[in-house]
Novice: 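Sharing a structure below in structure tokens format, with a few things to ask.
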Amino acid sequence: MKAGLFSALLLCSLASAQADVAVLMQHNNLFRTGANLGETLLNTNNVNTNTFGLLFTRAVDDQVYAQPLIMTNVSIPGKGVHNIAIVATVNDSVYAFDADDSSVTNTYWKVSFTNANAVPPRNTDMCGGNYNDFSGNMGIVSTPTIDPATGTIYVLVRTKESGTTFVQRLHALDIRTGAEQSGSPVVVTATYPGNGDGSVGGVLTFDPQIQNQRSALTLVNGVVYIGWASHGDCGSYHGWLMGYDATNLQRVVTFVTTPNGDEGGIWMAGQGPSADTNGNLYISVANGPTGNTIIPPTDGYRFENFLKLTRSGTNLNVVSSFTPYNWATLEQNDTDLGSAGLLLIPNTTLAFSGGKQGVLYLVNRDNMGGLSQINADTNVVQTFQPASGNHQLLGAPIWWDGPNGSYTYLWVSGSDFLRQYKFDTDTGKFLLPGASSQTAAPSGTPGGILSLSANGTNAGSGIVWASHQLNGSANQAVRPGILRAFDAQNVTNELWNSEQFSARDSVGNFAKFCPPTVANGKVYLATFSNHLNVYGLLPRPSLAIGLSNTNLIISWTTNFSTGYILQTTTNLSGNWLNVTNSVTTVGWTNEVTLPGTKATTFFRLKL
């Protein structure tokens with residue numbers, strides 16, 4: 001009796017010549033398009049539950065708010081050259097994992113900024129102990145940024161020291177080892193002239209306890225920019241934006257949104273400031289005080305604004321701004337601007353974003369329009385609302401120049417759908433209505449947090465990746481999560497989601513406001529379950545053959561791949577027939593028992 005094993009026809013090779021892609025900042029680039037346009041492995045044909053799923057996880061010591069970053073071709077002392085995934089936790093730890101090899105389970109390095117005298121601040125330290133937007137530690141919350149030229153990762157770390165002292169420090173770490181670079185760290189301190197809330201003698205002083213550093217760090221022209229807001233509008237806070245020289249960590253620029261008022265936070269649901277090719281910064285500023293009588297475009301009272309900022313020495317000057325006509329209503333109803341970052345639309349002078357009211361604004365970033373003098377936003381290029389009712393934009397839109405046009409994608413909160421809007425290059429506006437997914441996110445916040453991968457403009461390569469809570473609202477609760485993949489050319493086509501084969505692909509707890517990171521055939525997803533998930537193309541299943549008395553036992557693993565059919569033939573040039581014998585699943589292994597035969601027999605798995 002003979003038995004053969006034939007698997008050459010199972011799948012074509014996935015090998016591909018490519019230059020590995022790094023993800024060095026939140027949402028991929030300074031325009032904040034959220035797109036990796038160098039993805040050559042993942043496409044709309046192979047991202048499905050049969051060939052794509054969870055490859056491995058990496059344990060960390062707490063929740064992950066920061067978007068995972070990818071640095072390529074890092075020379076690790078004594079360990080060779082590797083691509084690494086950087087993961088930062090709210091327990092004030094930074095990890096460097098191998099980004100590609102599932103067998104390398106240990107970190108290349110890990111640093112912790114806690115000790116017996118320094119611990120992460122907690123949500124109970126804020127707002128008199130009644131702050132529930134976080135559920136525990138609040139150490140590293142923002143996404144770091146990486147300078148590939150110097151091999152440095154910049155990270156903002158918060159600690160509570162000696163039981164009562166709150167400190168924020170900017171660290172510059174060697175990407176190879178995690179060691180501090182020269183001059184690192186520096187304690188964040190600053191003053192700013194103003195007579196606003198909390199000022200003393202016409203001077204505001206930065207308060208490291210009440211100022212919440214949520215927005216991603218941004219490296220522009222050798223300066224690391226860092227923005228601050230509040231914890232649930234508690235305390236005498238302001239919107240601070242500081243810039244530190246990347247070479248020596250000296251603070252070189254400071255800006256405050258409301259030096260003669262209060263509030264005006266810069267948080268943007270975790271997105272960092274956008275920047276154009278000239279180094280101008282773009283931010284969205286949140287609410288000011290309810291009942292305020294000074295209109296927000298006034299210098300010293302910048303809230304409910306889109307702002308374009310230009311550096312002049314140690315200052316950032318407002319050179320253009322936009323304020324919704326109904327800013328006072330937004331203040332009153334807590335539906336303020338500032339909950340989403342600004343997308344700078346490539347190859348245009350346009351910027352696009354929205355806020356908690358769910359209204360979207362397309363503005364000329366060089367002349368944003370200021371404040372309309374009538375009860376309508378006629379001073380902007382375009383404004384529209386994806387869905388009527390209570391829907392908030394949290395996070396930011398993303399962008400793709402595809403094979404049949406350019407599109408923006410967004411997913412507002414409150415039982416709404418992934419939305420796709422085509423951009424009309426002739427009119428410089430979006431075509432309405434847009435397309436939408438077939439499945440809505442649950443009620444509550446934040447809606448879908450998005451990223452995109454594509455191989456340039458190639459058809460069939462564009463995928464919108466969306467992470468959202470699986471049920472309920474994640475506003476002040478930890479919820480299970482789901483990761484979804486949609487065809488970027490037509491978002492009505494959902495390619496895959498992590499609940500289709502939840503035993504293999506389940507996310508765990510949803511990481512609020514944290515976009516998926518897509519690079520080099522893998523999707524890196526932060527969680528609040530104290531681990532990093534890494535998804536990708538699944539290993540090919542392999543057949544094994546054994547004997548039991550006179551029977552053949554054909555087996556293959558099921559934990560990676562599904563949907564395969566066992567086929568057999570006695571002649572490779574003849575027809576393959578499906579094996580109809582019952583399949584028994586033992587653990588993660590499928591087994592089929594067949595009577596023995598003296599004829600040479602071949603078996604294969606067919607997808």
Side-chain angles (χ1 to χ4, degrees), residues 1-18 39-56 102-103 455 458-461 463 485-487 489-490 493-506 521-523 534-607:
M1 177 177 64
K2 299 179 180 178
L5 177 65
F6 186 77
S7 60
L9 299 180
L10 180 59
L11 283 175
C12 64
S13 172
L14 296 176
S16 160
Q18 65 164 356
E39 181 50 58
T40 61
L41 295 179
L42 301 177
N43 57 59
T44 57
N45 289 324
N46 60 25
V47 175
N48 57 68
T49 193
N50 294 319
T51 57
F52 180 88
L54 182 64
L55 299 179
F56 57 93
S102 61
S103 68
N455 185 7
N458 290 351
S461 71
I463 299 174
F486 297 87
D487 184 341
Q489 290 176 245
N490 177 14
N493 179 23
E494 184 173 5
L495 305 170
W496 170 92
N497 72 65
S498 57
E499 287 297 296
Q500 291 173 333
F501 190 178
S502 60
R504 179 191 66 197
D505 298 335
S506 178
K522 294 183 174 62
V523 181
V534 183
Y535 296 85
L537 296 175
L538 301 165
R540 309 171 190 178
S542 58
L543 286 172
I545 189 167
L547 296 174
S548 177
N549 297 322
T550 60
N551 294 325
L552 297 177
I553 308 297
I554 311 296
S555 62
W556 65 98
T557 58
T558 64
N559 58 319
F560 287 123
S561 302
T562 64
Y564 286 89
I565 299 171
L566 181 65
Q567 295 184 327
T568 185
T569 187
T570 57
N571 182 357
L572 290 179
S573 61
N575 294 328
W576 287 86
L577 301 175
N578 293 346
V579 174
T580 59
N581 297 59
S582 61
V583 178
T584 301
T585 302
V586 180
W588 290 103
T589 301
N590 283 337
E591 292 184 353
V592 175
T593 301
L594 301 172
T597 174
K598 293 183 178 181
T600 299
T601 304
F602 300 91
F603 296 94
R604 74 176 184 184
L605 290 172
K606 175 73 172 180
L607 184 61

Novice: Which distance, rounded to the nearest 0.5 Å, do you find between the CG of Leu537 and the CG of Leu41?
Specialist: 6.5 Å

Novice: Could you measure the distance from the CG atom of Asn455 to the CG atom of Asn458? Nearest 0.5 Å is fine.
Specialist: 4.5 Å

Novice: Any side-chain heavy-atom pair from Thr593 and Ile553 closer than 4.5 angstrom?
Specialist: yes

Novice: For Ser573, is there any backbone N or O sitting under 3.5 Å from a side-chain donor or acceptor partner on Asn571?
Specialist: yes

Novice: If the test is side chain to side chain contact (heavy atoms under 4.5 Å, CB included), which one of Thr569, Leu594, Val592 qualifies with Phe603?
Specialist: Leu594

Novice: Start with the C-alpha distance between Val523 and Val534, add both sets of side-chain angles, then the distance that settles side chain to side chain contact (heavy atoms under 4.5 Å, CB included), and finish with yes or no.
Specialist: CA-CA 6 Å; Val523 181; Val534 183; over 6 Å; no

Novice: Less than 4.5 Å apart, side chain to side chain, heavy atoms only: is that true for Thr49 and Arg504?
Specialist: yes

Novice: Do the side chains of Ser506 and Leu54 get nearer than 4.5 Å, heavy atoms only?
Specialist: no

Novice: Tell me the closest heavy-atom pair linking Trp556 and Ser542, and the distance in Å.
Specialist: CB-O, 3.5 Å

Novice: About how many Å separate CD of Glu591 and CG of Leu566, when rounded to the nearest 0.5 Å?
Specialist: 12.0 Å

Novice: Quick one: does any side-chain atom of Thr550 pair with a main-chain N or O of Gly596 as donor and acceptor, under 3.5 Å?
Specialist: no

Novice: May I have the step-by-step check of side chain to side chain contact (heavy atoms under 4.5 Å, CB included) for Thr568 and Thr601, ending in yes or no?
Specialist: CA-CA 7 Å; Thr568 185; Thr601 304; 3.2 Å; yes

Novice: Measure from the side-chain N and O atoms of Glu39 to the backbone N and O of Gly521, and report whether any donor-acceptor pair falls under 3.5 Å.
Specialist: yes

Novice: Under a 4.5 Å cut-off applied to non-hydrogen side-chain atoms, are Leu495 and Phe52 in contact?
Specialist: no

Novice: Closest heavy-atom contact between Ser461 and Asn43?
Specialist: CA-CB, 4.3 Å

Novice: Between CH2 of Trp576 and CZ of Arg604, what distance do you get to the nearest 0.5 Å?
Specialist: 5.5 Å

Novice: Is Asn45 close to Thr51 at the side-chain level, that is, under 4.5 Å between some pair of heavy atoms?
Specialist: no

Novice: Search all heavy atoms of Val47 against all heavy atoms of Ala485 and return the closest pair with its distance.
Specialist: CG1-CB, 3.9 Å

Novice: Hey, could you give me the CG/CD distance between Asn48 and Glu494, rounded to the nearest 0.5 Å?
Specialist: 12.5 Å

Novice: Would you tell me whether Asn578 and Gln567 have side-chain atoms, one donor and one acceptor, within less than 3.5 Å of each other?
Specialist: yes

Novice: Measuring from Leu55:CG to Leu538:CG, what's the distance to the nearest 0.5 Å?
Specialist: 6.0 Å

Novice: Does some side-chain heavy atom of Ile463 sit less than 4.5 Å from a side-chain heavy atom of Asp487?
Specialist: no

